[in-house]
Structures are given as structure tokens and as C-alpha cells.
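Here's the structure we're looking at; comments come further down.
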Amino acid sequence: MSHNQNILTLDEFTIQQLRMFPKATGELSTLLRDIGLAAKRIYAEVNKSGLANIPGATDTKNVHSEQVQALDVFAHNQLKGVLKNGLSCAGIASEEMENIEVFDDAANNKSKYVVMFDPLDGSSNIDTNISIGTIFGVYRRISETGTPCTMEDFLQPGNKQVAAGYIIYGSSTMLVYATRRGVNGFTLDPSIGEFCLSHPNMQCPTNGDSYSVNQGYWYQYEREIQLFITHCQEKGMSQRYVGSMVADMHRTLLKGGIFLYPATYRKPSGKLRLMYECNPFAFIIQVAGGEAISGTAKIIDIVPECLHQVSPVFIGSKMLVGELKKYLHPGGLHKVYSNPAEIEI
Ligand code: P6P
């Protein structure tokens with residue numbers, strides 16, 4: 001690709017953002033660049049997973065009793081490494097760890113932020129070459145700077161995120177992140193080893209022509225969900241479901257549509273994790289003008305009780321989520337959603 005000198009790299013973009021806010025310390029910019037570095041290392045391994053001497057599944061299971069893939073562990077270690085060795089993170093929570101990890105040393109304790117992540121979402125799809133991804137959310141710590149971070153720093157609602165993003169390892173590798181100032185997408189240019197700004201100021205279309213749900217669970221869904229899916233089909237919408245949240249959500253952000261992972265008989269509280277799957281995408285989608293609900297609340301307003309709790313999630317174009325609400329709450333929306341699903345930007 002002929003490299004256009006005007007395309008900003010992730011580093012240049014975050015520094016440009018920093019220059020716009022002279023009082024900013026640069027800690028968040030540095031943290032995002034650290035995540036970008038980990039993403040490049042994960043990309044290199046994911047792209048050769050069929051060849052690398054990294055086997056598929058390990059003999060361990062995570063807190064959700066899901067088989068841990070070797071690349072899950074690799075991705076977790078890459079993110080932990082850059083964040084622990086950096087100057088912008090006091091501690092982490094990960095799908096791969098039951099508890100938080102406090103980076104209890106003088107430098108990290110001075111950091112303002114903690115990070116939660118799913119290091120490699122959809123990793124069960126690795127062996128079939130389906131797009132997978134990393135998902136992360138960044139929170140300003142509540143505990144006193146200069147001390148070790150605590151669990152309360154992590155158990156914050158999603159509306160307290162200062163940034164959230166994902167990396168999709170697909171036909172190209174993209175890093176997309178949101179702050180309250182907007183959502184921006186960066187495509188990895190392997191020829192220079194840099195993420196380059198390819199999708200500035202991303203907006204989620206207010207409507208869309210696809211719905212994304214696992215049809216295989218149809219008989220486990222509540223009646224209201226079945227009626228909404230039928231409504232989508234009667235409108236002639238396409239059904240698109242990769243089975244990898246990052247891939248399904250990347251398409252939804254770019255093209256519009258609605259992604260649904262409802263409660264089922266087997267998973268009465270849903271499957272997707274609130275803290276490091278639902279909240280980051282809810283933040284991103286809302287900054288981009290879309291909406292994200294659990295069926296009884298805005299996703300980002302849910303006050304978490306534990307690190308790995310799950311939630312039903314309905315997320316995407318504002319008009320489609322609005323249509324779904326009418327099926328979920330035929331008695332009226334005011335009873336459930338007191339204020340519009342907006343993030344104060
Ligand atoms: P199901 C992948 O395992 C994942 O966590 C998400 O990436 C994806 O959206 C969902 O689970 C798929 O779940 O039950 O449809 O296979």
C-alpha cells in the first residue's frame with residue numbers, strides 16, 4: 001500500500017489529541033499506545049496460529065468453565081505485560097483470571113487507571129479461521145492514587161469508563177477505541193508495523209438491515225424476543241451471526257443493525273460478560289450514537305456486583321433497539337428507561 005504521509009498513526013493521533021488538552025497528563029494516551037503494542041504482538045501470533053507451535057486448546061478451563069485456548073493465555077500475558085511494565089495502569093481484571101491483579105509497585109500505584117479485558121474473545125473460533133478479538137475497558141480508579149488498587153476500582157458501572165475499545169483480528173487487523181470525544185478506528189499496516197487512522201469519527205447508523213442472534217436457541221428465547229425476531233424477518237432484514245462478538249459488533253458499528261444475546265433457559269442471566277464484553281461495546285456504541293440495553297436497563301448503568309457477572313445484551317442502531325424496547329415493554333418505556341441512552345459527551 002502506498003503510504004499516504006497524511007495518515008496518522010495511533011501514536012501520532014493520541015499525541016495530537018493530547019496537544020488539544022494541555023492539562024492532560026498523557027497517561028491515557030500512553031495506556032492506549034501500550035494496548036496497541038500488545039495488539040501487534042497478539043496479531044503476529046494469531047496470524048500464524050495454524051503454523052505456530054501453539055496448540056489450540058489447553059487442558060484448563062476459565063471461570064466460565066470454558067476451555068482455555070493457548071492463544072487466550074498468550075493474549076492475556078501480552079496485555080498484562082505492557083500494562084504492568086507501563087506507567088498508566090494500577091491493575092487489571094481479565095476473563096482469564098478469577099480475581100483482579102494488583103500491580104503493587106511504586107510506579108503502578110501512582111497510575112490513575114485500571115483496565116478490564118477479554119484478551120481473545122471468540123477464541124473457540126481460532127481453529128476455523130473466523131475473526132476473533134480483544135475487548136477492553138478503562139476506568140479511573142476510585143481508590144487513592146499512590147496506593148495499590150482495589151476491587152472497588154473495578155466494580156464500577158460502564159458509564160464510568162474513560163475509554164473502551166477492541167481489536168479485531170480479521171481480514172485486516174483494526175483497533176477501534178472510544179473516549180467521550182468520539183470513536184476512531186485504526187487499521188494495522190504491517191509494512192510499517194503501525195495502526196493507521198482509517199476510520200475517523202465512527203458513527204453507528206441509526207438504522208440497519210441486519211439482526212444478529214443465534215437462531216439455534218430460538219425455543220429458549222422469551223416470547224417477546226421471538227416476536228421481535230419475527231418482526232425483523234417480516235421486514236426482510238438479513239440474519240448475520242458469526243458467533244464472535246467482536247466480529248458481529250464491528251459489523252454492527254460500521255453498517256448498523258442490532259446484535260442480541262438474550263437470556264436462555266440454560267443461561268437465565270445471559271452469556272456475555274458485563275464488565276469486559278458488554279460494557280466496552282455499550283460505551284463504544286453509545287458514543288457512536290447507538291444504544292445498548294440489557295432488557296431492563298441501559299447496559300452502562302448496571303452497577304456490577306462481581307467481576308465476571310453476565311448480562312443479556314441488545315445493542316446497535318438506536319431505531320432498532322427502540323423497536324425492540326416496544327416488544328420488551330409493551331406497557332410503556334418510561335417505566336424502565338428514565339433517561340435517553342446518551343453518554344454525556
Ligand atoms: P454462542 C464467543 O464464545 C462468545 O463469548 C462471543 O464472542 C459470541 O458472541 C458468543 O460467545 C457466541 O455464543 O452461544 O452463540 O455460541
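We count ligands from 1, going down the list as the structure has it; atoms in each ligand are counted the same way.
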field: Neighbour count >12 (heavy atoms, 6.0 Å) for atom CD, Glu305
entry: no
- prompt: Does one side chain, of Thr187 or Ser198, offer a donor that lies under 3.5 Å from an acceptor on the other?
  reply: yes
- request: Report yes if some N/O of Asp248 lies less than 3.5 Å from some N/O of ligand 1; otherwise report no.
  value: no
- request: Specify the protein heavy atom at minimum distance from atom 9 (O) of ligand 1: its residue, its atom name, and the distance to 0.1 Å.
  value: Met245 N, 3.3 Å
query: Tell me: protein heavy atom nearest atom 12 (C) of ligand 1, and distance?
result: Tyr241 OH, 3.3 Å
- request: Have a look at ligand 1 and work out which part of Met249, if any, has a heavy atom under 4.0 Å from it: side chain, backbone, both or neither.
  value: neither
Per-atom contacts of ligand 1 with Glu277, taking only distances under 4.0 Å to non-hydrogen atoms: 5 (O)
- prompt: Less than 3.5 Å between some nitrogen or oxygen of Asn214 and one of ligand 1, yes or no?
  reply: yes
query: For atom 8 (C) of ligand 1, which of Gly133, Gly243, Gly216, Ser123 has the closest heavy atom?
result: Gly243
field: Any donor-acceptor N or O pair under 3.5 Å, side chains Gln16, Arg19
entry: no
message: Counting neighbours of NZ on Lys160 that are heavy atoms of other residues, nucleotides or ligands and sit closer than 6.0 Å, is the number greater than 12?
response: no
query: What do you reckon, is NZ of Lys235 surrounded by more than 12 foreign heavy atoms closer than 6.0 Å?
result: yes
message: Using a 4.0 Å cutoff against the non-hydrogen atoms of Arg273, which atoms of ligand 1 qualify?
response: 5 (O)
field: Polar proximity ligand 1 side, Phe259 side, N/O cut 3.5 Å exclusive
entry: no
query: What residue and atom, counting heavy atoms only, is the protein's closest point to atom 13 (O) of ligand 1, and at what distance?
result: Lys271 NZ, 3.0 Å
- prompt: Mind checking whether Asp121 has a heavy atom under 4.0 Å from ligand 1?
  reply: yes
Pi-cation contact, Phe21 with Arg181 (under 6.0 Å, within 45°): yes
- request: For the residue pair Asn184 and Asn201, confirm or rule out a side-chain donor-acceptor distance under 3.5 Å.
  value: no
query: Taking atom types as modelled and ignoring hydrogens, do the side chains of Arg141 and Ser143 form a donor-acceptor contact shorter than 3.5 angstrom?
result: yes
